[in-house]
Chemist: 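Here you go, one structure.
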Amino acid sequence: MPEITKSYEARNVEAKWYAAWQEAGCFAGKAAEGQETYTIVIPPPNVTGILHMGHVLNNTLQDALIRRARLEGKAALWVPGTDHAGIATQTMVEKHLKKEEGTSRHELGREKFLERVWDWRHEKGDKILRQLRELGCSCDWDRTHFTMDEGYSRSVRTAFVSLFEKGQIYRGKRMVNWCPVSKTALSDEEVEMRPTKGHIWRLRYELVEPVGELTHIVLETTRPETIAADVAVAVHPRDERFKDLVGKKVWRPLGERVQIPVIADEAVEMEFGGGALKVTPAHDKVDFEIGQRHGLEVIECIDADGTLNELAGAEIAGMERFAGRKKAVEVLEANGSLIEAKPYENNVGYSQRAGVPIEPRLMQQWWLRYPRVEEAKQVVREGHVQMHPARWSKVYLNWLDNIQDWCISRQLWWGHRIPVWYAKGLDKETLTEADLRDPAKIHVSLDGPADPENWDQEEDVLDTWASSWLWPMGTLGWPDADEQKQANFDAFYPTTTLATGADIIFFWVARMIMAGLEFARPGEPVERRIPFRHVYFNGIVRDKQGRKMSKTLGNSPDPLDLIERYGADGLRFGLLQIAPLGQDVKFDEGRIEGGKNFCNKLWNACRFRTMSGEMSDNRTLAAILDRLDGDQMDEDDHAILAALLDTMDTLEKSFAEFEFATATQRLYGFFWNEFCDWYVEVAKTRVQDPAAKQHALAVQDLVIRQFLLLFEPFAPFISEELWHVMGYGREGKFLQDNRLETAETLAASLTDAGCAVDASASTRVEQLQTFTTLARQLKAEQSVAQKRDVTFQLQASDEAWTMVEPHLAKLVRLIGTESITHTAEEPSLPAVVSPFGTLYLDTGIKVDPAAERARLNKELTQVEKHIGGTQARLANEAFVSKAPPAVIEGARKQLTDLEAKREEIRRLLNTL
RNA sequence: GGACCCUUAGCUCAGUUGGUUAGAGCGCUUCCUUGACAUGGAAGAGGUCACAGAUUCGAGUUCUGUAGGGUCCACCA
């Protein structure tokens with residue numbers, strides 16, 4: 001028998017078992033012919049990222065799902081990997097280069113710079129994957145993928161080429177969200193609207209020729225620095241105030257002194273500002289559209305880096321855009337155009353990553369018309385892809401309903417370079433749709449043209465999400481037939497569950513669905529093409545004040561530190577206990593500590609079991625069942641086994657519903673309260689009885705065994721350790737090599753073993769528990785809680801006494817008394833009314849009648865209050881005639897019981 | 001402007017299809033180091049379930065509205 005330490009030391013076992021699992025290839029995703037599979041692809045973290053609490057939650061959930069699937073006998077595969085994270089990684093390396101070497105990517109040049117990024121990736125990357133091992137994640141590490149690996153890159157290019165050939169991809173000059181810091185275009189999804197405090201300036205634009213009384217038009221703007229790029233002033237066509245002005249000209253108040261027309265356009269809000277709008281097509285999306293409708297010129301006065309150029313006007317040219325804004329206001333004030341400056345808060349689009357306002361800009365970019373939009377809606381509407389919680393479907397469908405073409409090109413270097421080659425000398429700015437489809441001018445292919453010397457490859461790379469949207473397929477070998485075979489694409493696709501955060505439902509989830517439908521198994525039914533069947537959205541981990549955890553706030557605990565202090569299992573279990581379906585998680589370190597304490601409780605329960613008696617053959621369930629003795633089955637056995645079956649049932653349901661908090665809470669309550677606090681305590685007595693000992697210990701062995709199987713998905717390390725300590729495992733075998741019985745099959749096995757579980761015993765055990773609590777309560781009230789030399793007398797009917805008598809030995813021990821005797825007398829002693837009769841406590845000290853009366857009166861008041869309520873209900877004619885009979889019956893019985901109790905308390909009061 | 005979520009004990013949260021006296025963990029009070037566990041045990045205090053209506057014999061639970069908090073989408077310059 002191995003020596004078991006007094007408390008559970010996670011560090012002693014975690015590394016050991018992880019190494020053993022890996023050595024034995026426990027995590028390999030292998031599917032036998034016809035075997036049911038369970039596949040998860042990890043949401044690939046940034047390759048240079050480090051583990052934070054969000055990852056812990058997300059990956060613990062996935063690991064729980066995967067480990068449970070293994071125990072259910074499915075071929076489980078969890079594919080790990082990382083994302084190259086274009087902007088984030090490139091920015092990180094650029095910063096590093098600037099700080100450490102004072103150089104920049106432009107100084108290095110594309111090739112050298114990319115070498116440096118690769119160095120960085122090899123040196124610092126994948127740290128997060130190693131950290132996931134600390135957490136116990138059972139990924140199939142041999143299948144680790146990286147979005148920039150050659151194989152994966154090939155799938156990215158394949159998708160691009162295919163979509164290009166289908167005409168879904170085009171190059172076009174349109175308004176894009178330009179990030180002046182990262183110096184790249186962004187998709188709409190990467191722009192975050194933030195309320196921003198600033199000013200709005202009320203300005204006058206002088207009419208070239210007065211119209212009647214009118215000498216100028218009043219309008220308001222938040223962006224005076226762009227005035228020099230104004231090409232018109234727009235008013236609403238039905239606005240009476242301006243009907244005579246349309247077609248007239250005004251002087252542009254900044255920059256070159258030119259006349260611009262007043263035009264009428266529906267897009268103008270009459271109620272806003274003065275009812276007129278300055279039109280700056282180059283720097284505003286709406287203005288651009290107006291400009292298109294009216295054939296207006298586009299003047300760009302802001303450059304790519306966010307500085308104002310010479311077209312912005314001599315006064316502000318060369319200035320940074322916000323400094324230029326200030327200066328522009330001064331100029332406007334000086335030339336009499338400024339009427340008023342008002343503090344103003346409006347929504348400004350920010351680059352999500354760089355955190356600066358984006359600049360709408362007119363540019364040539366690559367665009368994708370999303371494929372399979374209708375199918376993508378259909379699969380969710382029809383439940384082929386189920387979202388949990390379901391409400392996210394609505395968000396998803398709403399987005400697809402309003403979907404816009406996706407700007408997929410990025411002006412970065414770190415990423416998948418777009419597989420498009422331009423014939424040398426071709427003017428890329430003036431390409432037409434026909435040019436795009438002309439193989440003499442544009443070459444699009446996986447591997448490039450045969451005569452590269454005559455071509456220039458596109459400089460831009462793809463949006464990171466235009467690679468990760470292929471993740472479930474690319475990691476399973478698509479599109480290469482051999483690789484797919486090797487990865488067993490056939491068996492593992494579609495994946496089963498995607499666990500991720502709702503914040504990337506558009507970025508990633510929706511796009512993966514469209515990609516899957518477009519590329520996977522062409523021609524087959526949608527349910528074979530979708531990338532996953534379930535999407536589980538886990539909440540965001542927040543701090544105690546409800547704020548998102550972030551590096552800048554410094555409010556995020558270091559998961560590795562938490563693992564160090566509470567063990568990986570404690571962290572996992574504690575976190576899942578507070579992670580309700582679809583709600584954010586407010587991080588509470590107390591719960592993590594609770595997880596650790598629970599592990600310790602489990603540890604000690606097992607330790608106690610090994611101390612209670614010789615360990616017998618625990619190697620199989622059958623061996624344990626063999627040791628059960630039907631003749632020794634008492635109510636406590638029935639109750640604990642019924643609770644075990646119920647727990648198994650609850651776990652099965654909660655896994656199906658992704659209700660992890662329910663699952664962990666049931667496990668906690670079952671093991672700690674039902675098993676340790678009651679069953680193990682009562683069994684202490686039975687273990688003293690040679691006739692009952694083997695049976696009572698076998699029940700414990702059974703309960704612990706089944707519990708470990710249920711617990712392992714949440715806490716794999718301690719479960720594995722105890723599995724071996726308790727002798728459930730064999731040399732070279734692991735917990736996961738066993739199958740998890742269902743509640744039904746275990747119940748059937750118990751029946752076969754002559755120990756059919758009678759769930760109704762639970763009620764009677766509850767009465768014994770109540771009895772115990774009342775007796776302890778009485779002792780505490782009489783200030784003899786710790787004394788064991790007191791005696792109890794139970795005044796009970798013969799029938800009630802027969803219910804208590806078989807349990808006397810246990811009760812005496814649990815309550816801490818010398819004896820409980822059956823009495824017909826009515827002693828003058830402190831008493832309490834129990835389910836079995838009136839229980840008297842003899843402490844050997846004289847009773848204080850006043851104190852006793854006070855105590856009983858308090859009790860009486862409570863009972864009477866309750867009686868009142870119940871009587872009122874039963875007196876209600878409507879209740880009696882309409883409520884279901886069972887409910888009425890329950891109320892009647894309750895009333896009878898309460899009245900009996902009341903009488904007994906009154907009688908006791910009279911004896912004082 | 002559109003959609004969604006939340007509000008239950010001091011704190012963090014459970015409360016299944018409406019049905020006895022609303023639960024857990026932490027914290028708090030009292031007692032206990034008795035031979036699994038002080039990372040523990042026993043007992044206890046603590047809640048008008050945000051508010052107002054409606055439906056119902058009966059509402060924490062269903063519906064409507066209000067207030068407060070949060071999220072997403074749209075973006076009036």
Chemist: Is it true that Glu818(A) and Arg788(A) have a side-chain N and a carboxylate O under 4.0 angstrom from each other?
Modeler: no

Chemist: Tell me whether the rings of Trp399(A) and Phe506(A) are parallel (<30°), tilted (30 to 60°) or perpendicular (>60°).
Modeler: parallel

Chemist: Base, sugar-phosphate, or nothing for Asp677(A), non-hydrogen atoms under 4.0 angstrom?
Modeler: sugar-phosphate

Chemist: Parallel, tilted or perpendicular for Phe671(A) and Phe707(A), by the 30°/60° rule?
Modeler: tilted

Chemist: Ring of Trp201(A), cation from Arg223(A) - is the NZ or CZ under 6.0 Å from the centre and inside 45° of the axis?
Modeler: no

Chemist: Assess whether a salt bridge exists between Arg542(A) and Asp584(A), defined as any Lys/Arg side-chain N lying under 4.0 Å from an Asp/Glu carboxylate O.
Modeler: yes

Chemist: Check every atom of C73(B), A77(B), G41(B) against the side chain of Phe506(A) and return the nucleotide holding the closest atom.
Modeler: C73(B)

Chemist: Base, sugar-phosphate, or nothing: which does Glu589(A) touch, judged by heavy atoms less than 4.0 Å apart?
Modeler: nothing

Chemist: For a quick test of reading the model: is some side-chain N or O of Thr773(A) closer than 4.0 Å to OP1 or OP2 of A43(B)?
Modeler: yes

Chemist: Check every atom of C37(B), C32(B), C72(B) against the side chain of Val395(A) and return the nucleotide holding the closest atom.
Modeler: C72(B)

Chemist: Which heavy-atom pair separates Thr226(A) from Thr280(A) by the least distance, and what is that distance?
Modeler: O-CG2, 3.5 Å

Chemist: What's the gap between A22(B) and G47(B) when it is taken at their C1' atoms, as a whole Å value?
Modeler: 9 Å

Chemist: State which of G35(B), U34(B), A14(B) makes the closest approach to the side chain of Gln786(A).
Modeler: U34(B)

Chemist: Answer with base, sugar-phosphate or nothing: what part of the nucleic acid does Asn346(A) contact at a heavy-atom distance below 4.0 Å?
Modeler: sugar-phosphate

Chemist: Give me the distance, rounded to whole Å, that separates U48(B) from A43(B) when you measure between the C1' atoms they each carry.
Modeler: 27 Å

Chemist: When we call it a touch if two heavy atoms are under 4.0 Å apart, what does Val279(A) touch: a base, just sugar-phosphate, or nothing?
Modeler: nothing

Chemist: Within the structure shown, what part of the strands sits under 4.0 Å from Lys787(A) by heavy-atom distance: base, sugar-phosphate, or nothing?
Modeler: nothing

Chemist: Honestly, is Lys596(A) close enough over Tyr8(A), meaning NZ or CZ under 6.0 Å from the six-membered ring centre and within 45° of the axis?
Modeler: no

Chemist: Classify Arg813(A) by what it touches in the nucleic acid, base, sugar-phosphate, or nothing, heavy-atom distance under 4.0 Å.
Modeler: base

Chemist: I'd like to know if Glu225(A) pairs up with Arg321(A) as an ion pair, taking the criterion as any Lys NZ or Arg NE/NH1/NH2 lying under 4.0 Å from an Asp or Glu carboxylate oxygen.
Modeler: no

Chemist: Is there a Watson-Crick or G-U wobble partner for C51(B) with both distances under 3.5 Å, and which nucleotide is it?
Modeler: G65(B)

Chemist: Counting any heavy atom closer than 4.0 Å, what does Thr222(A) reach on the DNA or RNA strands: base, sugar-phosphate only, or nothing?
Modeler: sugar-phosphate

Chemist: Between Tyr350(A) and Arg194(A), is there a cation-pi geometry (under 6.0 Å to ring centre, at most 45° from the normal)?
Modeler: yes

Chemist: Which whole-number value in Å describes the distance from Asp401(A) CG to C73(B) P?
Modeler: 15 Å

Chemist: For atom P, what is the distance between G44(B) and A36(B), given to the nearest Å?
Modeler: 24 Å

Chemist: Return the nucleotide paired to C72(B): Watson-Crick means purine N1 to pyrimidine N3 with N6-O4 or O6-N4, wobble means G-U with N1-O2 and O6-N3, both under 3.5 Å.
Modeler: G2(B)

Chemist: Picking from A38(B), C4(B), A43(B), which would you name as closest to the side chain of Lys394(A)?
Modeler: C4(B)

Chemist: Mind calculating the distance between CD (Glu289(A)) and C1' (C75(B)) to the nearest angstrom?
Modeler: 12 Å

Chemist: Determine the minimum heavy-atom distance between Met726(A) and Arg609(A), stating which atoms define it.
Modeler: CE-CG, 3.5 Å

Chemist: Which letter, B, S or -, goes with each nucleotide of nucleotides 53-58 of chain B from 5' to 3', with contact meaning a protein heavy atom under 4.0 Å?
Modeler: ----B-

Chemist: Give the nucleotide from the list C13(B), A36(B), G44(B) with an atom nearest to the side chain of Lys586(A).
Modeler: C13(B)

Chemist: Would you say Lys6(A) places a side-chain N or O within less than 4.0 Å of OP1 or OP2 belonging to U39(B)?
Modeler: no

Chemist: From C-beta outward on Trp672(A), which listed nucleotide comes closest to its side chain: C4(B), G41(B), U39(B)?
Modeler: G41(B)

Chemist: Contact class for Ala785(A) vs. all strands (heavy atom < 4.0 Å): base, sugar-phosphate, or nothing?
Modeler: nothing

Chemist: Reckon Met193(A) touches a base, only the sugar-phosphate, or nothing at all at heavy-atom distances under 4.0 Å?
Modeler: base

Chemist: Given that Glu9(A) and Val268(A) both sit by RNA chain B, which one's nearest nucleotide is further toward the 5' end?
Modeler: Glu9(A)

Chemist: Phe272(A) CZ to A77(B) C1': how many Å, rounded?
Modeler: 6 Å

Chemist: In whole Å, measure the gap between the P atoms of A14(B) and A9(B) for me.
Modeler: 12 Å

Chemist: For the C1' atoms, the ones on C28(B) and on U12(B), what distance do you get once it is rounded to whole angstrom?
Modeler: 16 Å

Chemist: Ignoring backbone atoms, test whether Tyr344(A) places a side-chain nitrogen or oxygen under 4.0 Å from the OP1 or OP2 oxygen of C76(B).
Modeler: no

Chemist: Between A77(B) and C4(B), how far is it from one C1' atom to the other, in whole Å?
Modeler: 29 Å

Chemist: At their closest point, which heavy atom of Pro835(A) faces which heavy atom of Leu774(A), and how far apart are they?
Modeler: CD-CD1, 4.0 Å

Chemist: Rounded to whole Å, how long is the line connecting atom CG of Asp584(A) with atom C1' of C13(B)?
Modeler: 13 Å

Chemist: In whole Å, what separates the P atom of G10(B) from that of A38(B)?
Modeler: 31 Å

Chemist: Which part of the nucleic acid, if any, lies within contact of Glu220(A), taking any heavy atom under 4.0 Å across all strands shown: a base, the sugar-phosphate backbone alone, or nothing?
Modeler: base

Chemist: Please state the C1' separation for the pair C49(B) and U8(B) - nearest whole angstrom.
Modeler: 4 Å

Chemist: Report the distance from atom CG of Leu397(A) to atom P of C4(B), rounded to the nearest whole Å.
Modeler: 13 Å

Chemist: Using only heavy-atom distances, decide whether a donor-acceptor pair under 3.5 angstrom links the side-chain of Asn398(A) to the base of C73(B).
Modeler: no

Chemist: I need the CD1-C1' distance between Ile540(A) and U12(B), as an integer number of Å.
Modeler: 18 Å

Chemist: Is there a Watson-Crick or G-U wobble partner for C57(B) with both distances under 3.5 Å, and if so, which one is it?
Modeler: G19(B)

Chemist: Is the shortest distance from a Lys or Arg side-chain nitrogen in Arg511(A) or Glu189(A) to a carboxylate oxygen in the other one below 4.0 Å?
Modeler: yes

Chemist: If we call it a pair only when both distances are under 3.5 Å in a Watson-Crick or G-U wobble match, what pairs with G27(B)?
Modeler: none

Chemist: Along nucleotides 21-29 of chain B, 5' to 3', which nucleotides get a B, which get an S, and which get a -, given that the test is a protein heavy-atom distance under 4.0 Å?
Modeler: B--BS----

Chemist: Please give, in whole Å, the distance from U39(B) C1' to Phe573(A) CZ?
Modeler: 15 Å

Chemist: Which base sits across from A38(B) as a Watson-Crick or G-U pair, both distances under 3.5 Å?
Modeler: none

Chemist: Tell me the closest heavy-atom pair linking Phe573(A) and Thr664(A), and the distance in Å.
Modeler: CZ-O, 3.3 Å

Chemist: Which heavy atom of Gly574(A) sits nearest to which heavy atom of Ile592(A), and what is that distance?
Modeler: C-CD1, 4.0 Å

Chemist: Take atom OH of Tyr679(A) and atom P of A36(B), then tell me their distance rounded to the nearest Å.
Modeler: 17 Å

